[in-house]
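Notes follow the structure.
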Amino acid sequence: MKQICKLQIYVILLLPISIFSLPECNFPAVFNFGDSNSDTGALTAMFGEAAAPPPNGETFFGSPAGRVCDGRLLIDFIAEGLGVPYLSAFLDSMGTNFSHGANYATIGSTIRRQNTTIFQSGYSPISLDIQYAQLSNFKKRAQTTRRKGGVFKNLFPQEYDFSRALYTFDIGQNDLTAGYQLNMTTEQVKAYVPDVISEFTTTIKNVYTLGGRAFWIHNTGPVGCLPYIMDTQVITAAQVDKHGCAAPFNDVSQYFNRKLKEAIDQLRVDLHLAAITYVDIYSVKYSLIAQSEKLGFGDPFLVCCGNGGKYNFNNAMRCGSTKNVNGTEIVIVKSCEDPSSKIIWDGIHFTEVANRWIYNNIANGAYSDPPVPLQMACHRKDDLRPFYL
Ligand SMILES: *[C@@H]1O[C@H](CO)[C@@H](O)[C@H](O)[C@H]1NC(C)=O
Ligand SMILES: *[C@@H]1O[C@H](CO)[C@@H](O)[C@H](O)[C@H]1NC(C)=O
Ligand SMILES: *[C@@H]1O[C@H](CO)[C@@H](O)[C@H](O)[C@H]1NC(C)=O
Ligand SMILES: *[C@@H]1O[C@H](CO)[C@@H](O)[C@H](O)[C@H]1NC(C)=O
């Protein structure tokens with residue numbers, strides 16, 4: 001945070017006029033890559049509603065909406081902020097409209113391909129390289145499909161929109177937890193982080209080669225503050241930080257983020273025309289947890305939709321778990337009375353109210369490098385010129 005504040009002051013002092021007079025980018029489309037933090041329906045389209053069962057979706061959509069949340073995700077608020085419709089999941093074949101972009105994120109996605117199936121480990125087969133393959137395929141077929149005319153003409157972006165679009169990324173958290181699930185030590189997890197980052201940059205370069213120019217990249221959140229980690233891992237009292245999070249796990253997130261930031265600095269050198277905005281999601285989420293009491297959320301770790309224990313979280317009986325009663329599946333792990341009173345939805349994901357708070361704090365560029373607002377993320381760090389000039 002300190003660094004970001006300094007950076008902001010620096011920019012404001014040196015560029016008093018330009019930063020406030022930047023034109024908006026008017027992104028015609030958004031293409032998103034990620035995991036459950038931004039899946040808007042892909043995994044449910046592939047594996048059924050059990051991927052995000054009721055009560056997910058209850059607050060905003062009124063029923064399950066393919067999102068692991070009571071309502072909207074950060075990517076939904078980003079879409080609202082950019083004035084485009086909520087993104088359809090690329091893998092969803094029902095009622096989708098890709099005229100303003102597509103979402104390749106799936107629940108459980110990792111950057112690297114995993115050596116386990118989703119049935120063994122819960123990690124999605126749609127890793128980041130596969131998400132890129134889907135974008136590439138989509139771009140190729142979008143124009144031929146548009147030319148069919150009729151309804152198809154307005155369901156897909158124009159060729160030109162692919163280079164004017166905003167490409168958003170929120171992925172990496174599962175690459176870290178995957179190691180712990182294999183009983184690796186923190187040192188072992190750290191040891192493979194450079195490989196994860198290298199795969200991440202490969203995909204960004206591939207999107208650039210395909211014509212993408214504006215990138216909005218979230219770093220990874222404080223996994224050590226998630227009840228899922230705090231409840232399933234061995235954490236000694238000495239490892240608990242002043243806000244109640246598991247420090248060694250947050251150290252790994254921060255290590256990943258440092259490596260990602262370095263890689264992005266290099267990408268700005270390698271990809272001359274790219275405008276890359278790095279967004280410090282770690283700090284904004286940590287700040288929310290640290291201010292929980294002050295903001296009226298009380299205990300930040302008390303899960304809304306869960307079942308018993310210190311955090312109202314039971315990994316064996318997660319949000320939406322059902323029980324067969326006389327031949328009917330009934331939901332036994334339900335949401336709390338008021339999801340807007342909690343930060344954590346299900347032990348792993350944030351509530352809609354938390355996602356909105358996060359959006360409101362990042363949209364103006366306060367957590368970004370360079371510190372440009374979301375609507376201006378086509379401006380490059382070096383000279384703040386938009387990429388298309
Ligand atoms: C999968 O297995 C291969 C071969 O053993 C290994 O090189 C790779 O790192 C493994 N991937 C992950 C994500 O563990
Ligand atoms: C798809 O969405 C765009 C933008 O909202 C809209 O103009 C178009 O009519 C939609 N197409 C269909 C078939 O719903
Ligand atoms: C990890 O450790 C747990 C507890 O000892 C064990 O049940 C599980 O099988 C181990 N997982 C792997 C992948 O070795
Ligand atoms: C299940 O069915 C049995 C027999 O009809 C009935 O006695 C019992 O009350 C039912 N249980 C519930 C929870 O509805």
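In each ligand, atom 1 is the first atom listed, and ligand 1 is the first ligand listed.
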**Request:** Give me the one residue out of Ile276, Thr277, Asp369 that meets side chain to side chain contact (heavy atoms under 4.5 Å, CB included) with Lys381.
**Result:** Asp369
**Request:** Validate the cation-pi geometry between Lys205 and Tyr208: distance from NZ or CZ to the six-membered ring centre under 6.0 Å, angle to the ring axis within 45°.
**Result:** no
**Request:** Could you pull out, from Asn97, Thr96, Val84, the option with a heavy atom nearest to atom 11 (N) of ligand 2?
**Result:** Asn97
**Prompt:** Salt bridge or not for Arg112 and Asp195, using N-O below 4.0 Å?
**Reply:** yes
**Item:** Within-4.5 Å side-chain heavy-atom neighbours: Phe256 and Asn219
**Value:** no
**Message:** Is the distance from the ring center of Phe138 to that of Phe98 below 6.0 Å?
**Reply:** yes
**Asked** Which residue owns the protein heavy atom closest to atom 8 (C) of ligand 3, what's the atom, and how far is it?
**Response** Asn183 ND2, 3.7 Å
**Message:** Just to confirm my output: which protein heavy-atom neighbour is closest to atom 9 (O) of ligand 2, and how far is it?
**Reply:** Asn154 CB, 4.4 Å
**Prompt:** So, are Asp382 and Arg268 salt-bridged, with charged N and O less than 4.0 Å apart?
**Reply:** no
**Asked** Which ligand 2 atoms, with their elements, are less than 4.0 angstrom from a heavy-atom of Val151?
**Response** 13 (C)
**Message:** As a test of the contact definition, would atom 4 (C) of ligand 3 count as having a protein heavy-atom neighbour under 4.0 Å?
**Reply:** no
**Atom indices of ligand 4 within 4.0 angstrom of Val325 heavy atoms, with elements** = 12 (C), 13 (C)
**Message:** Any protein heavy atom at under 4.0 Å, with atom 14 (O) of ligand 4 as the reference point?
**Reply:** yes
**Item:** For Leu155, the ligand 2 atoms whose distance to one of its heavy atoms is below 4.0 Å
**Value:** 11 (N), 12 (C), 13 (C)
**Stepwise side chain to side chain donor-acceptor pair (under 3.5 Å) check, Thr40 with Asn103** = CA-CA 7 Å; Thr40 54; Asn103 189 358; 2.9 Å; yes
**Prompt:** Just wondering, do Phe297 and Lys342 contact through their side chains at under 4.5 Å, heavy atoms?
**Reply:** no
**Asked** Which ligand 2 atoms are under 4.0 Å away from a heavy-atom of His100?
**Response** 4 (C)
**Item:** Atoms in ligand 2 flagged as close to Ser99, the criterion being non-hydrogen separation under 4.0 Å
**Value:** 1 (C), 2 (O), 3 (C), 4 (C)
**Fill in**
Asn326 heavy atoms within 4.0 Å reach ligand 4 at atoms 1 (C), 2 (O), 3 (C), 8 (C), 10 (C), 11 (N), 12 (C), 14 (O)
